Amino acid sequence: MNPSIERKWQRKWEESGIFQSEIDRSKPKFLITVPWPYTNGPLHIGHGRTYTLADVIARYKRLRGFNVLFPMAFHQSGTPILAFSERIRMGEKKTVRQYRENLSEYEEPEMVDKRLEEFKDPEKIAAYFSERIVKDFTYLGYSIDWRRRFTSADPFYQDFVKWQFEKLHGMGLIKKGEYPILYSVEDKNAVGEDDISDGDVDKVSVEEYTAVIFRGESFSLITGSLRPETLFGVTNLWISPNCRYVKFKMDSNTYVVSNEAFEKLGLQRSNIELIGTVSSDEILNQAYITPFDGRKIRAYYSSFVDPDNGTGIVYSVPGHAVWDFIAIKDAGIHIKPIYVVDLKNGEKTTVDSLISDLGISSLSDSDKLKEATQQLYKVEFYGGFLNQNNGEFSGLPVKEARDAIKSSLFKLGNGFIFYEVSRKAQTRGGSKVVVAVLKDQWFIDYSVDWWKKASHDLVSRMLFYPEFYRNAMHDAVDWLRERPCARRRGIGTRLPFNQEWVIESLSDSTIYPAVYSNTDQVMKIYSELGSFPEDLVNFVYSDDDNDISKYPEHIQRLAREARDSRKYWYGVDVRLTTSPHMSNHLAFYVMNHAALFRESDQPKGIIISGLVLSNSAKISKSKGNAISLLKIANKYSADLYRLFATVNADISSILDWNETDLSAVKRKYDAFLEIMDESHRYPEQSNRQVEDWFDTNFRIHRKEFIEKMDRYDIRGAYVSIFYEVINDLKYVENRGGDVNKCIESIRRDWILALTPVIPHTCEELWEKFGFDGFASAAELKDDAGETPDLRIIDSENYLQNIVRDVREIMKATGMTPQQIRIETCNPRIREAAVILLENRMKDVPVDLRSVIPDFMKNKRNIDLTNDRELQVLRDNLNYLSATFKCKVFADEARIEPGKKNAWPGRPLIRLN
RNA sequence: GCGGAGGUUGCCGAGCCAGGUUAAAGGCGACAGACUCAAGAUCUGUUUCCGCAGGGGUACGCCGGUUCGAAUCCGGCCCUCCGCACCA
């Protein structure tokens with residue numbers, strides 16, 4: 001459908017307000033939502049799939065008599081928009097280029113710079129792209145009630161979020177605690193993925209080291225290890241030859257680490273106090289005691305030790321670490337490895353074997369060393385156990401031993417947790433990224449038992465499509481622990497009980513769909529009062545009967561309306577999104593509802609759609625395969641995209657956007673347009689049987705369509721009602737039926753059934769054929785009770801079987817027949833067949849007994865359903881002749897004792 | 001490793017949950033024919049192997065099992081993909 005026609009209908013829908021949903025108690029309600037998009041850039045075909053599917057469902061439910069609400073709002077919380085804006089301000093090339101590209105999709109070239117200038121204000125970015133998304137979605141024909149639009153940064157909404165957090169706080173679900181975060185010392189600030197240079201391509205994470213203390217006479221050394229379970233295998237310590245080591249006091253003991261490590265420790269632990277530098281000789285000149293087994297070991301130099309990794313001191317386990325093994329050889333020290341980890345099933349992956357397998361000769365083979373380390377780590381961690389050299393820990397599997405040794409170590413005061421970054425990283429501004437421990441981080445405590453139980457109960461009640469996500473959701477609920485719920489900066493709502501914190505962007509977006517149910521009233525309350533006071537929020541969104549009589553009458557009225565509205569609409573019937581949201585957003589969504597809302601307001605269903613590929617590749621800006629929704633609507637048309645998104649892949653599987661598949665879909669779509677084009681008349685012909693067959697089949701397709709849609713097998717539904725009906729019409733034409741008549745008889749229902757997917761096309765047709773109102777607002781009834789006459793279908797199947805058999809014979813014999821004679825089962829043989837099928841051999845009339853051997857041969861193919869075979873054949877002789885291009889005769893077969901006979905459903909076919 | 005999904009005919013992809021009507025929908029590709037001056041588009045047919053009569057063989061990752069009968073149920077194995085978090 002060309003864009004101007006699509007625009008026309010979009011205008012008409014808007015003018016008529018048919019998608020502005022109001023309470024209508026005569027109909028069942030249906031609320032469908034998609035998680036709000038983050039407004040830092042334009043959306044592409046990937047996002048479009050989710051919204052398209054939601055719109056198809058919304059429109060289908062409307063078609064079936066539901067009062068549907070499909071609302072939408074925008075997400076602005078968090079740091080990315082701020083970060084992008086700041087980078088544009090700083091003139092960072094990559095970001096500027098990206099936004100220039102984004103803008104040139106929408107703007108005349110001369111406007112791009114002006115807009116870009118505006119984007120130095122983060123609010124402008126958010127506002128601009130929200131506006132674009134509304135436009136793009138309108139062009140795609142989505143039936144969204146835009147009156148309910150708002151953003152997560154709106155003040156009235158922030159009051160709602162505050163209420164949510166006060167409630168959670170009151171229920172004891174919010175906690176304070178320590179938490180490691182990525183941090184920049186120079187900027188004195190937490191850093192997120194967006195702040196780190198290359199943070200998006202090469203993620204930086206926090207790693208948990210075990211700091212192990214080796215006591216010495218005048219001071220102790222602290223080492224950092226990822227593998228504390230190898231502690232009994234320590235033979236020596238390593239320090240770097242070019243590093244400044246420092247002495248410091250902690251809990252009245254004196255320790256030594258690298259200068260860099262000391263700085264990091266300062267961000268992670270309190271009460272540490274610098275004493276001064278210490279010379280390497282001092283470190284090398286004294287002995288150290290190993291924890292647990294109290295052996296005396298010494299420290300040596302090795303070049304592989306990095307002062308800026310861990311504590312700058314490494315404990316050496318040559319038996320289980322390749323670096324250490326090589327380093328000992330390198331340094332020419334006479335130390336024998338101690339082996340502490342044995343493998344199950346007698347596996348033989350050891351330090352020695354890895355070194356020889358990979359051909360590692362020195363510490364400079366760092367790539368190979370890394371690989372060997374990883375291999376060894378994997379093998380020993382998952383398949384190893386501690387041997388008899390491990391004191392009280394002997395016999396434990398490595399997985400358990402690690403925690404056992406750790407906690408034992410901590411208890412004895414010989415260790416603590418030390419956090420380190422997973423790789424060296426810098427901020428975009430060039431300052432170093434390290435790990436700091438926040439002492440007073442706010443958490444939502446998702447681990448509370450009663451909360452988990454309530455959530456599991458909710459999950460059990462909900463609908464999941466595909467069903468296997470139900471289990472995934474149960475798991476997600478189990479996995480959730482404490483989640484940090486506030487940050488020091490970013491757009492969003494301040495924590496009501498601690499104003500220095502901004503509520504984190506996923507935590508402020510869990511129960512917002514409730515606001516869709518009464519956006520209008522709630523916004524009015526806010527604008528009248530200048531706030532949305534807690535007691536009013538509580539009145540509107542919970543069923544607590546708190547007293548609101550202190551407010552003016554009209555505010556009270558608005559609040560009551562808002563409450564009624566919530567009661568009518570709320571409880572999201574379907575929330576549709578993609579699987580990456582499972583373990584975060586959707587889990588929070590489910591759990592927060594379980595805590596804050598009563599059952600009728602809780603979510604009813606979740607549908608998860610698969611990913612979208614573009615030309616068989618993951619969509620990414622850098623690959624240039626991120627096709628924007630605007631381009632889709634303009635270049636391909638909304639209806640074609642919608643049809644493609646609906647029909648080319650099941651909801652649960654990957655959808656690959658590519659021109660080949662698209663052109664196949666387009667052909668079908670064009671075929672449909674041609675069918676509906678009245679100037680294109682089909683040949684005047686008539687074949688009652690086929691026309692009845694078509695009619696019956698259409699009723700079956702319509703029934704299947706409804707059944708499949710009702711269980712969200714959207715693709716299946718449209719294969720039935722679109723592809724199969726088109727094929728049926730083609731069949732009618734080939735079989736000499738009156739196609740025009742067939743089309744006319746199904747026109748109304750067919751157009752309606754297709755409206756959810758290709759609404760613009762269908763409105764146009766609806767109007768053309770003189771139906772009243774909008775197709776989008778009409779109702780499609782199912783014809784409950786009417787059972788289709790399956791005998792008509794059977795007759796056609798019978799005929800097609802004959803055609804297939806004849807073809808097979810032609811193929812096998814390689815002959816082109818001059819004439820074909822088809823002889824149907826003799827009535828007496830039919831009677832005999834009935835008897836034989838019941839295994840009553842003795843009841844077969846004597847003169848027919850000689851036919852039994854032939855019966856046994858044909859038994860499998862005998863089919864009694866069609867009792868008017870000859871009639872069917874005679875009615876269709878012309879068709880058969882035309883198909884095989886020769887004369888075709890049909891007769892009743894004679895009985896031929898001892899020879900081949902015609903059986904029910906299995907006539908004799910003779911080619912000459 | 002844990003959790004989840006999956007391995008189907010040249011390719012993509014249904015079906016398997018409720019075993020037989022499944023050589024296995026649909027699409028793409030390929031081949032042949034029709035139409036056309038030609039190409040494209042469209043339409044018709046073919047597209048596992050064997051077969052001069054509608055038949056038979058082999059097939060749904062591999063190996064076993066249950067069953068009269070398994071792509072479909074059960075057990076084991078191999079392989080692929082996704083998630084494992086604080087990030088929107």
Side-chain angles (χ1 to χ4, degrees), chain A residues 35-40 75-81 83 179-182 192-194 199-200 203-206 378-379 381-383 398-399 441 443-444 446 466-476 478-487 490 504-507 509 579-585 587-588 610-611 616 647-650 652-654 656 658 660-661 663-665 667-668 670-671 674 713 715-716 719-720 722-724 727 730 733-734 797 801-815 817 822 857-858 860-861 863 865 883 900 906-911:
Chain A
W36 48 16
Y38 191 69
T39 48
N40 66 329
H75 196 209
Q76 300 186 357
S77 314
T79 49
I81 290 180
Y179 191 72
I181 52 160
L182 296 175
E193 185 180 302
D194 320 288
D200 45 344
K203 261 188 124 172
V204 181
S205 54
V206 175
K378 216 176 164 179
V379 174
F381 182 68
Y382 295 118
V398 169
K399 276 195 262 186
Q441 171 71 49
F443 292 90
I444 297 181
Y446 285 107
E467 168 64 31
F468 68 77
Y469 281 110
R470 183 190 309 281
N471 270 334
M473 184 53 85
H474 278 301
D475 288 347
D478 279 334
W479 286 335
L480 284 179
R481 303 192 297 262
E482 295 90 5
R483 181 192 161 88
C485 64
R487 302 184 71 173
E504 173 273 333
S505 58
L506 276 178
S507 301
S509 302
S579 62
H581 290 116
M582 259 329 268
S583 61
N584 41 62
H585 167 69
F588 303 149
L611 289 174
S616 305
V647 131
N648 225 48
D650 181 72
S652 63
S653 47
I654 292 169
D656 185 8
N658 64 77
T660 314
D661 286 357
S663 72
V665 171
R667 260 205 304 281
K668 288 287 180 206
D670 289 341
E674 195 178 300
D713 176 6
R715 175 173 182 260
V719 167
S720 290
F722 187 61
Y723 283 148
E724 288 182 7
N727 288 345
K730 225 182 272 169
E733 191 181 359
N734 294 336
N797 286 346
N801 282 339
I802 301 291
V803 169
R804 202 173 26 201
D805 281 351
V806 172
R807 285 218 167 95
E808 190 146 347
I809 296 168
M810 284 166 65
K811 194 179 143 207
T813 58
M815 61 193 281
I822 305 169
K857 247 168 120 182
N858 285 290
R860 275 182 51 210
N861 295 311
D863 177 7
T865 48
T883 304
K900 245 178 125 168
R906 187 83 181 150
L908 286 175
I909 299 170
R910 302 183 206 274
L911 309 193

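Everything quoted here is computed from the prediction, not taken from an experiment. Proteins get letters first, then strands, A, B, ... in listed order; numbering begins at 1 in each.
- Minimum atom distance to the side chain of A:D475 is reached by B:rG3, of the listed B:rU44, B:rG3, B:rC87.
- At the heavy-atom level, A:P907 lies under 4.0 Å from base atoms of the strands shown.
- Figure legend. B:rU21 is base-paired to no nucleotide; pairs are counted as Watson-Crick or G-U wobble with both atom distances under 3.5 Å.
- Regarding A:N40, its CG atom lies at a distance of 8 Å from the C1' atom of B:rA88, rounded to whole Å.
- With a 4.5 Å cut-off on side-chain heavy atoms, A:N727 and A:K668 count as touching.
- Taking the C1' atom of each, B:rG45 and B:rC37 are spaced 26 Å apart, rounded to whole Å.
- Taking 4.5 Å as the limit, some side-chain heavy atom of A:V647 sits within range of a side-chain heavy atom of A:Y723.
- Rounded to whole Å, the C1' atom of B:rA34 lies 16 Å from the corresponding atom of B:rA39.
- Applying the side-chain hydrogen bond (donor to acceptor under 3.5 Å, both in side chains) criterion to A:E674, with sequence neighbours excluded, gives A:H680.
- Rounded to whole Å, the P atom of B:rG4 lies 14 Å from the corresponding atom of B:rG75.
- For A:P37, the side-chain contact (heavy atoms from CB on, under 4.5 Å) partners two or more places apart in sequence, or in a different chain, are A:L43, A:Y51, A:M72, A:F74, A:I133.
- Atom OG of A:S663 sits about 10.5 Å away from atom CG of A:D670, to the nearest 0.5 Å.
- At a threshold of 4.0 angstrom between heavy atoms, the contacts of A:S652 with the nucleic acid are absent.
- Atom CZ in A:R910 sits 11.5 Å away from atom CD1 in A:I822 (nearest 0.5 Å).
- Taking the nucleotide of RNA chain B with the nearest heavy atom to each of A:L480 and A:I654, the more 5' of the two is matched to A:I654.
- Nucleic acid contact class of A:L911 (heavy atoms, under 4.0 Å, all strands): base.
- Nucleotides B:rG54 and B:rA38 place their P atoms 40 Å apart, quoted to the nearest Å.
- A:L908 comes within contact range of at least one nucleobase, with a heavy-atom separation under 4.0 Å.
- Taking the P atom of each, B:rU36 and B:rC31 are spaced 22 Å apart, rounded to whole Å.
- Following rounding to the nearest Å, A:D650 (CG) and B:rG15 (C1') show an atom-to-atom distance of 12 Å.
- Annotation: side chain of A:Y469 is not in contact with side chain of A:S652 (no heavy-atom distance under 4.5 Å).
- In this structure, the CG atom of A:N584 is 12 Å from the P atom of B:rC87, given to the nearest Å.
- Here the side chain of A:S653 is nearest to one of B:rA14, B:rC86, B:rA88, namely B:rA14.
- Atom P of nucleotide B:rC86 and atom CZ of A:F443 are separated by 12 Å, given to the nearest angstrom.
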>> How would you summarise protein contacts on nucleotides 24-29 of chain B per nucleotide, using B for base, S for sugar-phosphate only and - for none, with heavy-atom distances below 4.0 Å?
In response: -B-SS-
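- Across all strands shown, B:rC84 pairs with B:rG1; the Watson-Crick or G-U wobble distances both stay below 3.5 Å.
- Rounded to the nearest Å, the gap between the P atom of B:rC62 and that of B:rC50 is 22 Å.
- Note: CZ (A:F468) to P (B:rG4) measures 11 Å, nearest angstrom.
- Applying the Watson-Crick and G-U wobble criteria (two distances, each under 3.5 Å), B:rA30 pairs with B:rU46.
- Counting heavy atoms from C-beta outward, A:V206 and A:I181 have side chains that stay 4.5 Å or more apart.
- One interatomic measurement links the two molecules: CZ of A:F588 to P of B:rC86, which rounds to 11 Å at whole-angstrom precision.
- For the C1' atoms, the distance linking B:rC35 with B:rU44 amounts to 11 Å, nearest Å.
- Contact annotation: A:S583 side-chain N/O to B:rA85 OP1/OP2 distance is not under 4.0 Å.
- Atom pair A:M582:CE and B:rG3:P shows a separation of 17 Å (rounding to whole Å applied).
- Between the CD1 atom of A:I909 and the P atom of B:rG55 there is a distance of 10 Å, given to the nearest Å.
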